[in-house]
Number of protein chains: 2
Amino acid sequence: MKKPRPKPPKSRTAVAKTPTLADIAAEVGVTKITVSRALNTPDQLSPATLEKVLAAIKRSGYTPNLLAGSLSSNRSKLIVALVPSISGAMFTATMQNVAEHLQQHGYQLLIGQAGYDDAREDALLEAVIGRRPDGIILTGIVHSAQARQKLRAARIPVVETWDLTSRPIDMLVGFSHPAIGKAAAEYLWQRGCRRPAIISPDDRRARLRAAAFTAFYAAKKIPVPAVEAPAPTPMGDGRSGLATLLRDHPRIDSVFCGSDNLALGALVEAKARGISVPKQLKVIGYGDQSYGKDADPPLTSLRIDGAAIGRIAAEMLMARAAGQSPKKKVVDVGFAIVERASA
Amino acid sequence: MKKPRPKPPKSRTAVAKTPTLADIAAEVGVTKITVSRALNTPDQLSPATLEKVLAAIKRSGYTPNLLAGSLSSNRSKLIVALVPSISGAMFTATMQNVAEHLQQHGYQLLIGQAGYDDAREDALLEAVIGRRPDGIILTGIVHSAQARQKLRAARIPVVETWDLTSRPIDMLVGFSHPAIGKAAAEYLWQRGCRRPAIISPDDRRARLRAAAFTAFYAAKKIPVPAVEAPAPTPMGDGRSGLATLLRDHPRIDSVFCGSDNLALGALVEAKARGISVPKQLKVIGYGDQSYGKDADPPLTSLRIDGAAIGRIAAEMLMARAAGQSPKKKVVDVGFAIVERASA
DNA sequence: GGCTTTCATGTTACCGGTAACATTTTCACG
DNA sequence: CGTGAAAATGTTACCGGTAACATGAAAGCC
């Protein structure tokens, strides 16, 4: 049986609200959908109507509620990227490129700071998925099984970056960290270094590089002393890191640094102690930051093409948005050793 | 007259969709609102029901659609911060602090990159407002009249930061750039510098500092040669900047650098030319980045408490969210001169 | 001129949640 | 054991848009 109709509920917002489609429509004397079309598909309207509607929109200072639009259309025109730290200069080029590419397609990029800590990543991912972006770009690969499952269940295109795995959640653009560690080791080995050491950030990817470096020398029965610094590593940690190494292992002849910042700090410390680089000590960095070439001596470093990562990731997402599936779901952008004077 | 009822429209999404509140509710045998309460106000439910619902949620991998929730409740639990560049180390501490504070209150921070270019800021702001965040943090003050009007019309709490104005859109946490330029000039003047120069990024705030610096010396009839570099300024621009200055004005005795990066580059260039710092040339930076103290010589710099800016901005927004209005709508966090060996 | 197309606009339902109020159940207590 | 208050759950409407289909007006065509 029909219940008696409840009395009209009072308006939820007592104060003046921001204008909506309906307000504009009423003012112009058309329906909501016409106003919607004026904004989204203007060539579907007659020039006269279009002009009237746009004028009213302008007059009222109306800003479309994208929450409502996205909910209805199931498209948010929003891509979310998660980075470990917004300060990490490494990812800047990537994000810059992503943002530029997305902009061309009318998409917006928002960046979330995940931290280097895995625990928080899960919570953040949940919140991100909840906002139903049209794509998610992750720095590094996701390790929590639950997070992977949720990402898959959400059916949102995902690009993992800056790392490599044979089983990505969806798509991937990255490179092999172990390959970098090995390349650095080979490079130093060929230049006669027999007593290398490592100064490394404590994040997972840096550890992969360090482990591969150590493994290379271990195969030659050479142990590699190492110190770790909490990411993101400031230059000062490179100074103190080298100081620690020299105290415990005064005869080291080379340092593989897990970031250019650390390498720069090591250079400063070496200079302060009168150790000549590269003669007595070879120093090699990672990241090839722009300041490396201005260091004294100029820094040898491992270069990653972060811009390419961003460009490719964005292209993959845009392809998906257009309904295509990208030719390759996994792209390895590789790396290069930039040889300068420090090693 | 009632039109004939249209035939039931076909489902909009043919493929399997992600689960919704209704799905969970049906599975457990309760209504949507009960499931909603399980997530938002769990102590309103009986323990038995709560457990059943949560189990079903977990089983299904359900992720709440925050678009729908925000639309309905008019609260998004989202704060958006716009920074000129995510690479700018200056804003990192601010964002870090904002993120931490917000997290404690269950809010999420997303960062948008606005660029140093004003034109784009308007478009980005429009998109941001459209997502109806519960607060907006801006780096710098907004200058476009239209953007200011839209921000006001949207009734979203806004905090402008890193600058000062007597007429903020809403709230403000910052400091005076001209005061900094003047302080730097006084500092150098007192140390005997009579032929200063400037290397500055080309963004608006840096120009304010440079202009005040120049004005101080102009009052003493001393012209100040200056070079500009496009923001964000890498260290290399400091090198080339000093080189340019020395070529055109070989007798300068001090440089006020608009960023620590530039100052570091200037130090490198001076050293390369055998110019002794601070004896022949005093160098002063801005930002007091962590690497400044490891420079050779350690860098004198103007320190801004970016962390405090972030903390206060977050507190202001959280106060607003709680329905209070903060005691002070404008906070000047000031600055300090950190004296080291370079000047 | 009548008929088919195309163009411009409207109607209805729905996206997936939450607010506000209503109803039912449970529990304490005289 | 009845009664009133508190606790648990339900009902209805609505947030502000867009999809899909419907309809009326203008235009093309033989």
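The structure displayed is predicted, hence computed values, not measured ones.
Atom-to-atom, CG of B:Leu66 to C1' of C:dT18 comes out at 13 Å; the value is rounded to the nearest Å. A straight line from NZ of B:Lys52 to P of D:dT9 spans 8 Å, rounded to a whole angstrom. Atom CG of B:Leu71 and atom C1' of C:dC14 are 13 Å apart (whole Å). Atom CD1 in B:Ile33 sits about 16 Å away from atom P in D:dC14, given to the nearest Å. When rounded to the nearest whole Å, the span between CG of B:Leu39 and C1' of C:dG16 equals 13 Å. If you take CD1 of A:Ile129 and P of C:dG16, they are 16 Å apart, rounded to a whole angstrom. Following rounding to the nearest Å, B:Asn65 (CG) and C:dT18 (P) show an atom-to-atom distance of 10 Å.
Side-chain nitrogen and oxygen atoms of B:Arg37 include none within less than 4.0 Å of the OP1 or OP2 phosphate oxygen of D:dG10. A close approach under 4.0 Å does occur between a side-chain nitrogen or oxygen of B:Asn40 and OP1 or OP2 of C:dT18. For A:Ser46, a side-chain nitrogen or oxygen approaches OP1 or OP2 of C:dT9 to under 4.0 Å. Phosphate contact (OP1/OP2 of C:dG17, side-chain N/O of B:Ser73, threshold under 4.0 Å): absent. In terms of phosphate contacts, A:Arg75 brings no side-chain nitrogen or oxygen within less than 4.0 Å of OP1 or OP2 of D:dT18.
B:Thr139 places no side-chain N or O within 3.5 Å of a backbone atom of B:Pro84 that could act as its donor or acceptor partner. For the pair A:Ser36 (side chain) and A:Lys32 (backbone), a donor-acceptor distance under 3.5 Å is absent.
Looking at every heavy atom in both residues, B:Leu124 comes nearest to B:Gln113 through CD2-O, 3.5 Å.
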What nitrogen or oxygen pairs link the protein and nucleotides 26-28 of chain D at under 3.5 Å?
none

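Annotation: side chain of B:Gln103 is not in contact with side chain of B:Leu109 (no heavy-atom distance under 4.5 Å). Looking at heavy atoms from C-beta onward, A:Glu126 lies in side-chain contact with B:Pro64 at the 4.5 angstrom threshold.
The side chain of A:Ser72 lies closest to D:dT18 when the candidates are C:dT9, D:dT18, C:dT18. With C:dG16, D:dG10, D:dT18 as the choices, the nucleotide that has an atom nearest any side-chain atom of B:Val30 turns out to be D:dG10.
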For A:Lys77 and A:Asp134, run salt bridge (charged side-chain N to carboxylate O under 4.0 Å, His left out): C-alpha distance rounded to whole Å, both residues' side-chain angles, the deciding distance at 0.1 Å, then the answer. CA-CA 6 Å; A:Lys77 290 273 178 180; A:Asp134 289 341; over 6 Å; no
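Summary of the strand contacts: A:Thr49 and A:Lys32 both lie near DNA chain C, and taking for each the nucleotide with the nearest heavy atom, the more 5' one is attributed to A:Thr49.
Side chains of B:His143 and B:Arg148: a donor-acceptor N/O pair is absent below 3.5 angstrom, by distance only.
If you check every strand for non-hydrogen atoms under 4.0 Å, B:Leu45 touches sugar and phosphate atoms only.
Applying the 3.5 Å distance criterion, the base of D:dG10 shares no donor-acceptor pair with the side chain of B:Thr31.
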